[in-house]
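Below is one structure, written out as structure tokens; comments come after it.
In this chain, residues are counted from 1 in sequence order. Each ligand, and each atom within it, is numbered from 1 in the order the structure gives.
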Amino acid sequence: MIDLRSDTVTKPSLEMRKVMANAEVGDDVYKEDPTTNRLQKYCAELFEKEDALYVPSGVMGNQLCLNALTQPGDEVICEKNAHIFQYESGSPAMLSGLSMNLIEGENGVITPTQVEQAIRPTSAYYMPRTRVIEIENTHNVAGGVVHPIENIKALRTLADKHNLKLHLDGARLWNASIASGISVAEYSSYFDTVSVCLSKGLGAPVGSVILGEKGIIEEAFRMRKAWGGGMRQIGIIAAAGLFAIENNFNRLEKDHENAKMLANGLSQIEGVEVDLSLVQTNILMFKPTKMDVESVIAKSKEKGLLLGAGGLGVVRAVTHLDISSDDINKAIQILSEVFNG
Ligand code: TLP
């Protein structure tokens, strides 16, 4: 099976497993796990933020940050297909009492003009209080597109003007950084809080890291425990995270090449619409024009290729660590049979 459903399906390599087996451990609830402490310190330095916290998942990372930045009743401005709104089980409302003010973005990008129109006047005590602006980089539903740095800078200026906080869902910030050449530290410098995943393109089996000022991370540490995320001898998995950053960050370039190769192959197939300009990292969205998405997914599966649904009328393919260029050639072959046969 060639599995292009997500970059979350990667399996830990033998070398990663060895590092995990040999990891030094302690009780992290006492902050005594040396490997976790090392991962957190390493990330704080890499992202040039005051502090970092290892958390079980991307969802928990985002939600801890939102929680630490807000009070119940506050409002978060984000793009309408943001992961925090569409795919996190309604947790902003459930866990933090937040409502969302959604903006229709273009390829995942919301402009300062749109955001400024959505900010509630501070005098309007009867309205929700705008507190956070959130963006996603790369943007999943938009097809892994990189958020333009000039727009990020402009959003930071706007946030400062209105005394708002800025959160980055950087589940795939690693991919954005490799594609744009902009360091993860530079991206992070514009945000109050950042959440990054180790379990996607980097290939760790589990884990995310959140970053921000000491006070915010201290607050998130407390809430992580309250939400049942206090973990014990987690050096075993934190070691995989460290290994993933050190060994699998720079190779993401290969996944981006593979996604482009797949997109080029698909663009030659009749009955497929693909916008090559949007294939900037490891996610590829394509639209079948003569078949429905479910049939494309089912027929591909019969032939040994796993794909996902990327939203309304769109198929999603994600390249990753366990996919070679040979696999991509085979995937193109399978898809041409699916569409022509
Ligand atoms: N995304 C998953 C699915 O939930 C859609 C995937 O296969 O892409 N932020 C972004 C931008 C994400 O894409 C994801 C996972 C998360 C946060 C949440 O990470 P996890 O699943 O580790 O909680």
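In this structure, a donor-acceptor pair under 3.5 Å is present between the side chains of Ser180 and Tyr187. A donor-acceptor contact under 3.5 angstrom links the side chains of Asn62 and Glu88, judged on distance only.
When each of Lys200, Arg172, Arg316 is checked for a salt bridge (charged side-chain N to carboxylate O under 4.0 Å, His left out) with Asp7, only Arg172 meets the rule. Applying side-chain contact (heavy atoms from CB on, under 4.5 Å) to Val109 and the options Glu79, Gln114, His147 leaves one that passes, His147.
For the pair His139 and ligand 1, no heavy-atom separation below 4.0 Å is found. Ligand 1 has no atom lying under 4.0 Å from any heavy atom of Arg5. By the 4.0 Å heavy-atom criterion, Arg316 is counted among the residues contacting ligand 1.
At a heavy-atom distance under 4.0 Å, no atom of Met60 approaches ligand 1. Of all the heavy atoms of Ile84, none lies under 4.0 Å from any atom of ligand 1, so neither backbone nor side chain is involved. Both the backbone and the side chain of Val59 come within 4.0 Å of ligand 1, counting heavy atoms alone.
Counting protein heavy atoms only, atom 19 (O) of ligand 1 is closest to Lys200 NZ, 2.9 Å.
Comment: Arg251 does not engage Glu246 in a salt bridge, judged by the lack of any side-chain N to carboxylate O separation of less than 4.0 angstrom. Taking a cutoff of 4.0 Å between a charged side-chain nitrogen and a carboxylate oxygen, Lys41 and Glu45 qualify as a salt bridge. Salt-bridge annotation for Glu75 and Arg120: present, with a side-chain N of the basic residue lying under 4.0 Å from a carboxylate O of the acidic one.
Scanning both residues, Pro288 and Phe339, for their nearest heavy atoms gives CB-CE2, 3.8 Å. Nearest approach of Trp174 to Val184, heavy atoms of both residues: CE3-CG1, 4.4 Å.
Atoms of ligand 1 lying under 4.0 Å from at least one heavy atom of Arg172, given by number and element, are 6 (C), 8 (O), 12 (C), 13 (O). Residue Glu136 approaches ligand 1 through these ligand atoms, each under 4.0 Å from one of its heavy atoms: 11 (C). Listed by atom number, the atoms of ligand 1 under 4.0 Å from Glu88 heavy atoms are 17 (C).
Here's the thing with Tyr87: none of its N/O atoms is less than 3.5 angstrom from an N/O atom of ligand 1. By the 3.5 Å distance cut-off applied to N or O atoms, Ser6 is counted among the residues near ligand 1. When only interatomic distances are considered, the shortest N/O to N/O separation between His83 and ligand 1 falls below 3.5 Å. Between Gly58 and ligand 1, at least one N/O pair is under 3.5 Å apart. In terms of N/O distances under 3.5 Å, ligand 1 is approached by Asp169.
Other residues, nucleotides and ligands place more than 12 heavy atoms under 6.0 Å from the CD atom of Glu257.
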